[in-house]
Protein chains: 2
Amino acid sequence: MALEHAILVSLAERSASGYDLARRFDASIGNFWKASHQQIYKVLARMEADELVTSEAVAQEGRPDKKVYAITAAGRSELAAFTATPTGPEVLRSDFAVKLRALPFGDRDAIVASVRRRRADHAAQLAEYEASAARFYPDPEAVPADHLGAWLVLRGGIRAERGGLEWCDEILQSLGEDRRAAR
Amino acid sequence: MALEHAILVSLAERSASGYDLARRFDASIGNFWKASHQQIYKVLARMEADELVTSEAVAQEGRPDKKVYAITAAGRSELAAFTATPTGPEVLRSDFAVKLRALPFGDRDAIVASVRRRRADHAAQLAEYEASAARFYPDPEAVPADHLGAWLVLRGGIRAERGGLEWCDEILQSLGEDRRAAR
DNA sequence: AGGAGCATGTAACTAGTTACATGATTGT
DNA sequence: ACAATCATGTAACTAGTTACATGCTCCT
């Protein structure tokens, strides 16, 4: 149910249309929660019925009209209440790990190719996060209080990507594929 | 759809009942894929209809009878085919990160408590993985070929837990809670 | 007497995915 | 002419969760 809460955080930071939210979920928020636009519209409708958010129609010229959603007082207290609930263990679902574990029963070359692709993805994502960090938080000792959460999550993203990258390197090395990988 | 494939890997390693699979999903497989017993029974039934697995009733004394599932030839080729498909980007869903990002809108002490709990969970899981590694793979240079996938996944688990632990420490330090955390 | 472990499920529900639909504007 | 971006959705489906049901054995 935390898609709701991810949307509330995003709207607490800044009001937005469903479309805007979908783009944020492709970028910064998507760093820890992925959601499709269809799912977002569905959940927004429910949240509006529950009065966690309100919407206002905004006419635009040269572009389709949009509905801008804003968090309500009830939404803010729901979000605060959420932060006070204990967090259960994270639900893991990694296709990549399933494939890796299937190594003795599968296509070794294809798996190596997957590892290489994944390594490249981690490297690209890491570069993107590091660019964001350098741009928005040039001085890590002086992060504004209202950005502390976002900063810490970004730091987590950087760590996760770096960790994933190193894991890929270890895998390639174990499989004796590190020379080709380094090319 | 990769729960199916996670089950196939598990059955390729060794035939098992639904109950056994559920326990494996709590332990080794659960390291990268979580599933409840209800979901497992449901998927097993579908997989049997699709002839990816077969079941055999086994009577037991002093215990309820069980159905032992085994992978079929079709199951093995499905698993091999799966390893050859490209892996999409991982779907992330982290309640913890949502909470952390909600820091400016939430209950700071409760969030700090969450971080501490999570740190302890990572430490416990890490210890468990390291114990498994020491026990089953005392010589990392000589991992048998049929265990290479399992070993690499375990290595990934160790890296992920260590990374998560370090992230928690960084968060506590940023929040000025590291002294109390170290106690 | 009560709880944990073994063992398999059903029923009702919520969450999320995939495919499709519409229609204007801007850029190649 | 075609694709991309803006913008919002519906419909049909699959996956996963939560709650409940049953019953036997072994341990405290």
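Just so we're on the same page: letters track the sequence lines, and every chain starts at 1. All values below come from the heavy atoms of this structure, side chains included, with hydrogens, waters and symmetry mates left out.
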> Roughly how far apart are A/Arg24 CZ and A/Asn31 CG, rounded to 0.5 Å?
Replying inline: 14.5 Å

> Got a salt bridge between B/Glu13 and A/Arg101, using NZ or NE/NH1/NH2 to carboxylate O under 4.0 Å?
Replying inline: yes

> Taking for each residue the nucleotide of DNA chain C bearing the nearest heavy atom, is the 5' side occupied by B/Pro64 or by B/Tyr69?
Replying inline: B/Pro64

>> I'd like to know if A/Glu56 pairs up with A/Lys67 as an ion pair, taking the criterion as any Lys NZ or Arg NE/NH1/NH2 lying under 4.0 Å from an Asp or Glu carboxylate oxygen.
In response: no

>> I need the B/Tyr19 OH to B/Tyr41 OH distance, nearest 0.5 Å.
In response: 8.0 Å

>> Taking any heavy-atom pair under 4.0 Å as a contact, classify A/Gln60: base, sugar-phosphate, or nothing.
In response: sugar-phosphate

> Between A/Lys67 (NZ) and D/dC6 (C1'), how many Å, whole number?
Replying inline: 16 Å

> When the distance from OH of B/Tyr41 to P of D/dG16 is rounded to whole Å, what number comes out?
Replying inline: 17 Å

> Expressed in angstrom and rounded to an integer, what is the separation of A/Gln38 atom CD from D/dG9 atom P?
Replying inline: 12 Å

>> Working to the nearest 0.5 angstrom, can you tell me the gap between A/Leu11 CG and A/Leu44 CG?
In response: 7.0 Å

> In whole Å, what is the span from the CD atom of A/Gln39 to the C1' atom of D/dC13?
Replying inline: 13 Å

> Angle class for the A/His5/A/Phe82 ring planes (parallel below 30°, perpendicular above 60°, tilted otherwise)?
Replying inline: parallel

>> What is the separation between atom NZ on A/Lys34 and atom P on C/dT18, rounded to the nearest whole Å?
In response: 14 Å

>> Rounded to whole Å, how long is the line connecting atom CD1 of B/Ile40 with atom C1' of C/dC6?
In response: 15 Å

>> Between C1' on D/dG16 and CG on A/Leu3, what's the gap in Å once rounded to a whole number?
In response: 15 Å

> Does the salt bridge (charged side-chain N to carboxylate O under 4.0 Å, His left out) test come out yes or no for B/Arg108 and B/Glu177, once each step is laid out?
Replying inline: CA-CA 11 Å; B/Arg108 185 195 156 108; B/Glu177 301 280 344; 3.6 Å; yes

> Hey, which of these two, B/Arg93 or A/His37, hits DNA chain C nearer its 5' end, going by closest nucleotide?
Replying inline: B/Arg93

>> I need the CZ-C1' distance between B/Arg63 and C/dT8, as an integer number of Å.
In response: 15 Å

>> Mind checking if A/Lys42 touches a base, just sugar-phosphate, or nothing, with heavy atoms under 4.0 Å?
In response: base

> Which residues, if any, of residues 16-29 of chain B bring a heavy atom under 4.0 Å of DNA chain C?
Replying inline: B/Ser17, B/Gly18, B/Tyr19, B/Arg23

